[in-house]
Q: 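Dropping the structure in here first, questions after.
Worth knowing before you read on, the calculation uses all heavy atoms, side chains too, and leaves out hydrogens, waters and symmetry mates. This is a predicted model, so every value here is computed, not measured. We number each residue from 1, following the sequence as shown.
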Amino acid sequence: MNIVGVTSCIAGLAHTPMAAKSLEKEGGRLGHQIKIEQQGAMGIMNRITNDDIQVADFVLIAADRTIEEEERFAGKIIIRVKIGQCVSHASEVLMKCVSAVEARLNK
């Protein structure tokens with residue numbers, strides 16, 4: 001699957017990049033195309049483009065706060081999780097998300 005996502009913790013310093021790296025590593029290991037944008041103390045890093053969004057099967061928002069520019073994901077399947085889950089259990093989070101999206105698409 002093609003997955004895009006955003007990570008953002010309240011402070012935007014530690015969990016934001018940790019979750020992004022974990023999701024990208026595990027997503028690749030599971031055979032998915034994945035790009036994660038980080039929104040934190042340094043601003044927006046690894047920005048998701050409109051082209052990225054167009055080809056994405058779903059959007060994963062791993063955040064403990066409201067993210068910036070969420071309106072660009074209008075019309076896409078959006079799954080929200082707490083950022084802490086992605087730091088320590090990225091593989092499980094991704095497998096559950098993919099299963100949920102596949103079930104929805106196969107209705």
Side-chain angles (χ1 to χ4, degrees):
M1 286 201 145
N2 286 311
I3 305 165
V4 295
V6 177
T7 59
S8 185
C9 66
I10 292 176
L13 295 171
H15 285 101
T16 298
M18 289 169 59
K21 288 177 185 169
S22 186
L23 287 166
E24 287 175 339
K25 177 183 171 191
E26 292 302 313
R29 189 182 67 76
L30 293 168
H32 304 294
Q33 298 295 318
I34 186 165
K35 181 176 181 179
I36 304 294
E37 175 180 293
Q38 299 175 40
Q39 294 186 8
M42 303 294 287
I44 295 177
M45 299 177 64
N46 199 31
R47 183 181 288 276
I48 295 169
T49 67
N50 286 335
D51 289 341
D52 296 328
I53 296 166
Q54 289 243 308
V55 299
D57 293 301
F58 70 95
V59 179
L60 175 61
I61 298 177
D64 292 336
R65 66 179 193 91
T66 303
I67 64 162
E68 298 176 35
E69 304 175 13
E70 186 173 339
E71 64 278 357
R72 62 195 154 138
F73 303 126
K76 287 290 181 181
I77 297 170
I78 298 174
I79 299 176
R80 298 174 195 282
V81 298
K82 294 199 176 286
I83 195 167
Q85 294 173 307
C86 296
V87 173
S88 54
H89 303 290
S91 181
E92 292 88 348
V93 168
L94 288 168
M95 287 189 291
K96 285 182 181 179
C97 291
V98 167
S99 291
V101 170
E102 287 175 340
R104 182 173 173 176
L105 294 175
N106 292 326
K107 276 188 171 181

Q: Hey, could you give me the SG/CD distance between Cys86 and Glu92, rounded to the nearest 0.5 Å?
A: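 One gets 10.5 Å once the value is rounded to the nearest 0.5 Å.
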
Q: Are Leu30 and Phe58 linked, directly or through other ILVMFWY residues, by side chains that come within less than 4.5 angstrom of each other?
A: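 Leu30 and Phe58: one cluster.
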
Q: Indicate, with yes or no, if Ile48 and Ile61 share a hydrophobic cluster defined by side-chain heavy-atom contacts under 4.5 Å among Ile, Leu, Val, Met, Phe, Trp and Tyr.
A: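 Linked within one cluster.
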
Q: Which value, rounded to the nearest 0.5 Å, describes the distance between Arg72 atom CZ and Glu70 atom CD?
A: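 Reported value, rounded in 0.5 Å steps: 9.0 Å.
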
Q: If you measure from OG1 on Thr7 to CE on Met45, what distance do you get to the nearest 0.5 Å?
A: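 One gets 10.0 Å once the value is rounded to the nearest 0.5 Å.
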
Q: In Å, rounded to the nearest 0.5 Å, how long is the span from CD of Gln33 to CG of Asp52?
A: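 Here the interatomic distance stands at 11.0 Å.
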
Q: In the structure I gave you, are the side-chain heavy atoms of Val6 and Ile44 within less than 4.5 Å of one another anywhere?
A: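 No - every pair of side-chain heavy atoms lies 4.5 Å or more apart.
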
Q: What I'd like to find out is whether the side chain of Val93 reaches to under 4.5 Å of the side chain of Ile79, using heavy atoms alone.
A: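 No, side chains not in contact.
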
Q: What residues join Ile83 in its hydrophobic cluster, counting side-chain heavy atom gaps under 4.5 Å, either direct or through other members?
A: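 Direct or chained contacts put Ile83 with none.
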
Q: Please determine whether the number of non-hydrogen atoms from other residues, nucleotides or ligands lying under 6.0 Å from atom CE of Met95 exceeds 12.
A: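 More than 12 within 6.0 Å, yes.
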
Q: Are Ile67 and Ile78 connected, step by step, through hydrophobic side chains (Ile, Leu, Val, Met, Phe, Trp, Tyr) whose heavy atoms are closer than 4.5 Å?
A: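 Yes, Ile67 connects to Ile78 through the hydrophobic network.
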
Q: Counting only N and O atoms by type, is there a donor-acceptor contact under 3.5 Å from the side chain of His32 to the main-chain atoms of Met1?
A: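 Checking the backbone N and O of Met1 against the side chain of His32, a donor-acceptor pair under 3.5 Å is found.
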
Q: State the CD1-NZ distance between Ile34 and Lys25, to the nearest 0.5 angstrom.
A: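 Reported to 0.5 Å precision, the distance equals 13.5 Å.
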
Q: Considering the options Leu60, Ile77, Asp57, which one meets the side-chain contact (heavy atoms from CB on, under 4.5 Å) requirement together with Cys97?
A: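 That would be Leu60; it is the only one of Leu60, Ile77, Asp57 passing the side-chain contact (heavy atoms from CB on, under 4.5 Å) with Cys97.
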
Q: Hydrophobic clusters here meaning ILVMFWY residues chained together by side-chain heavy-atom distances under 4.5 Å, can you tell me if Val81 and Val98 are in one?
A: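 Same cluster.
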
Q: Is Glu24 reaching over with its side chain to a backbone N or O of Ile36, donor-acceptor style, under 3.5 angstrom?
A: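 Yes: the side chain of Glu24 pairs with the backbone of Ile36.
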
Q: If you measure from NE2 on His89 to NZ on Lys96, what distance do you get to the nearest 0.5 Å?
A: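 Reported value, rounded in 0.5 Å steps: 9.5 Å.
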
Q: Check whether any side-chain N or O of Asp64 sits under 3.5 Å from a backbone N or O of Ile10 as a donor-acceptor pair, and report yes or no.
A: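 Here the side-chain-to-backbone pair does not exist.
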
Q: Quick one: closest heavy-atom pair of Pro17 and Ala14, and the distance?
A: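 For Pro17 versus Ala14, the nearest heavy atoms are CD-O, 3.2 Å.
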
Q: Taking the side chain from Lys21 and the backbone from Val87, do they hold a donor-acceptor pair closer than 3.5 Å?
A: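 Between the backbone of Val87 and the side chain of Lys21 there is no qualifying donor-acceptor contact (under 3.5 Å).
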
Q: Give a yes or no on whether the backbone of Gln39 and the side-chain of Ser8 come within a donor-acceptor separation of less than 3.5 Å.
A: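 Present.
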
Q: For residues Glu37 and Glu69, determine if any side-chain heavy atom of one lies less than 4.5 Å from a side-chain heavy atom of the other.
A: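 Glu37 vs Glu69: side chains apart.
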
Q: Look only at the side chain of Thr16 and the backbone of Cys9, and say whether a donor-acceptor pair between them is shorter than 3.5 Å.
A: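 It does hold such a pair.
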
